[in-house]
Enquirer: 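Sharing a structure with you now.
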2 protein chains.
Amino acid sequence: MNFLKAEQPPLFKDHAYNEIKKAIIQHEIEPGSMLNERSLSESLGISRTPLKLALQQLELEGWITSVPRKGIFIKTINKRDVDDIFQLRKANEVLVIELLIPLLDNETIATIEKVDNQLVVHKENPVQFVYYDSSFHLFLAELSQNLRLYQLIENLTDHFNWYRFAALKAGKSLDEIYYEHTLIIEGLKARNIRQTTDAVLNHIDNAYATIIANLQE
Amino acid sequence: MNFLKAEQPPLFKDHAYNEIKKAIIQHEIEPGSMLNERSLSESLGISRTPLKLALQQLELEGWITSVPRKGIFIKTINKRDVDDIFQLRKANEVLVIELLIPLLDNETIATIEKVDNQLVVHKENPVQFVYYDSSFHLFLAELSQNLRLYQLIENLTDHFNWYRFAALKAGKSLDEIYYEHTLIIEGLKARNIRQTTDAVLNHIDNAYATIIANLQE
DNA sequence: TGCCGGTATCTGGTATTCCAGATACCAATA
DNA sequence: TATTGGTATCTGGAATACCAGATACCGGCA
């Protein structure tokens, strides 16, 4: 008898977490700038208690650094972190493919293509485009049936988008993402782990090159 | 002039986090049992505010589940989670080796062997033995120079130890860990990625088999 | 003019209070 | 006896109050 089950009211900490993270990723908050619990809680309309929980999660995930009695600082983007993230992303997206391919059926592949087609629709809006590109990768991760792997990929993707929006702000154009996705899907259709992982790694390497090129200017 | 810099006093939330996590891993708190913020804060001698921060970190890391207005529940151990953790661990320990080998010099290898020798000294004490086995893997992760990878391995290792202590409680003996480490070190000495990753994967697979065998009883 | 020290004020950390949802129990009733 | 409904009492969520460390500012003094 749970067709009437009431939805849990969203917790303030989750709302604050999502809002702040979005603002960081989209560079509405400058890297390196300082936040302040009291004014933040005011502008979000909540008290410091749930805000502290949100901030702690952001710190654990590597978005901010909290220095007791000094302040809360948005992390800066540097090559060391970008490298770390991309090394992890490559290894774990390869794991996604390895887990995924034995589970594939034709219907699932059709769904993957459908998710990918969202990209074309939004290619005129860079922000939307980036998010739909991410959802393609997240969907593959979800299909791997490993929840912790999914959460890891989600975190890595968020950071990746943060870097990418920095490049977008600098006026860089989007790369050949759509074509690269097509190569990945071809590999999946062939149920060929080697072919698919090569396509994924190439896709990630190209994105890395774009981000690093922008970083060094 | 920072040789006189005062150490930051440890934060209550970190202390609470460490204490509770240790109690969970060593099975002083039963999987599936319920915790209570008020009595926990009393027994730790702190207020609920820093405790909430500790509990949230534990939840994000997969140790507990917090249900609003119901309670806080220690996660149970099931095959699905064990599988997820081991899939991640294998992929990422392989990444550690790939990053590590190009950075190796003879002195570093000597240090690795020294860390591994701690194992023999403590082979009569299973709890100490498990922790020294972990420190071997964590040391390799640290040498990979990728901070996020290190943190990931640390989390996976903690969960691994949780599973392993469950087997220890059930009276299982420790496996051939020391010999398997020797094979890993041999691979490192040869600077051979394939040989070393094979040794690491074999090491992890053996541990997996032990844990799963115990789980199914 | 430049340095030194005290104080006002900023910061996050911690404790406490209040609130509402969930639940268990018990008494009243059919 | 079985069921229902109200209440006491659990739970965690959120707001507020208070504390101490860190800092910046400003006035006095060399």
Enquirer: Does any N or O donor sit under 3.5 Å from an N or O acceptor when you compare the side chain of B:Arg69 with the base of D:dG13?
Expert: no
Enquirer: Starting from C1' on D:dC18, measure out to CD on A:Glu37 and report it in whole angstrom.
Expert: 15 Å
Enquirer: Just call it for A:Leu53: base, sugar-phosphate, or nothing, with non-hydrogen atoms closer than 4.0 Å on any strand.
Expert: nothing
Enquirer: Quick one: salt bridge (Lys or Arg N to Asp or Glu O under 4.0 Å) partners of B:Lys13, sequence neighbours excluded?
Expert: none
Enquirer: Evaluate B:Ile112 against B:Ile184 for side chain to side chain contact (heavy atoms under 4.5 Å, CB included), listing each step before the verdict.
Expert: CA-CA 10 Å; B:Ile112 293 172; B:Ile184 293 172; over 6 Å; no
Enquirer: Quickly work out the B:His15 NE2 to C:dT14 C1' distance and round it to whole Å.
Expert: 15 Å
Enquirer: Write out all pairs satisfying salt bridge (charged side-chain N to carboxylate O under 4.0 Å, His left out) with one or both partners inside residues 204-214 of chain A, taking only residues at least two apart or from two chains.
Expert: A:Lys90-A:Asp205
Enquirer: Does B:Glu59 have any side chain to side chain donor-acceptor pair (under 3.5 Å) partners at least two apart in sequence or in another chain, and if so, which?
Expert: none
Enquirer: In whole Å, what is the span from the NZ atom of B:Lys13 to the C1' atom of C:dG13?
Expert: 9 Å
Enquirer: Would you please name every residue forming a salt bridge (Lys or Arg N to Asp or Glu O under 4.0 Å) with A:Lys75, sequence neighbours left out?
Expert: none
Enquirer: Decide yes or no on side chain to side chain contact (heavy atoms under 4.5 Å, CB included) for B:Glu113 and B:His181, but give the supporting numbers first.
Expert: CA-CA 9 Å; B:Glu113 287 192 291; B:His181 281 195; over 6 Å; no
Enquirer: What residues in residues 39-49 of chain A put a non-hydrogen atom under 4.0 Å from any atom of DNA chain D?
Expert: A:Ile46, A:Ser47, A:Arg48, A:Thr49
Enquirer: Considering only residues two or more places apart or on different chains, which pairs with a residue in residues 37-47 of chain B satisfy salt bridge (charged side-chain N to carboxylate O under 4.0 Å, His left out)?
Expert: B:Glu37-B:Arg48, B:Glu37-B:Lys52
Enquirer: Roughly how many Å is it from CG in A:Leu11 to P in C:dA20, rounded to a whole number?
Expert: 16 Å
Enquirer: To the nearest Å, how far apart are A:Met34 CE and D:dA22 C1'?
Expert: 11 Å
Enquirer: Nearest whole Å is fine: how far is D:dA14 C1' from A:Asp14 CG?
Expert: 14 Å
Enquirer: In whole angstroms, how far is the P atom of D:dC10 from the CG atom of B:Leu35?
Expert: 18 Å
Enquirer: Would you kindly give the CZ-to-C1' distance between A:Phe12 and C:dA20, to the nearest whole Å?
Expert: 12 Å
Enquirer: Choose from C:dC18, C:dT14, D:dT23 the nucleotide whose nearest atom is closest to any side-chain atom of A:Lys70.
Expert: D:dT23
Enquirer: Respond yes when some side-chain nitrogen or oxygen of A:Lys52 is under 4.0 Å from OP1 or OP2 of C:dG12, and no when none is.
Expert: no
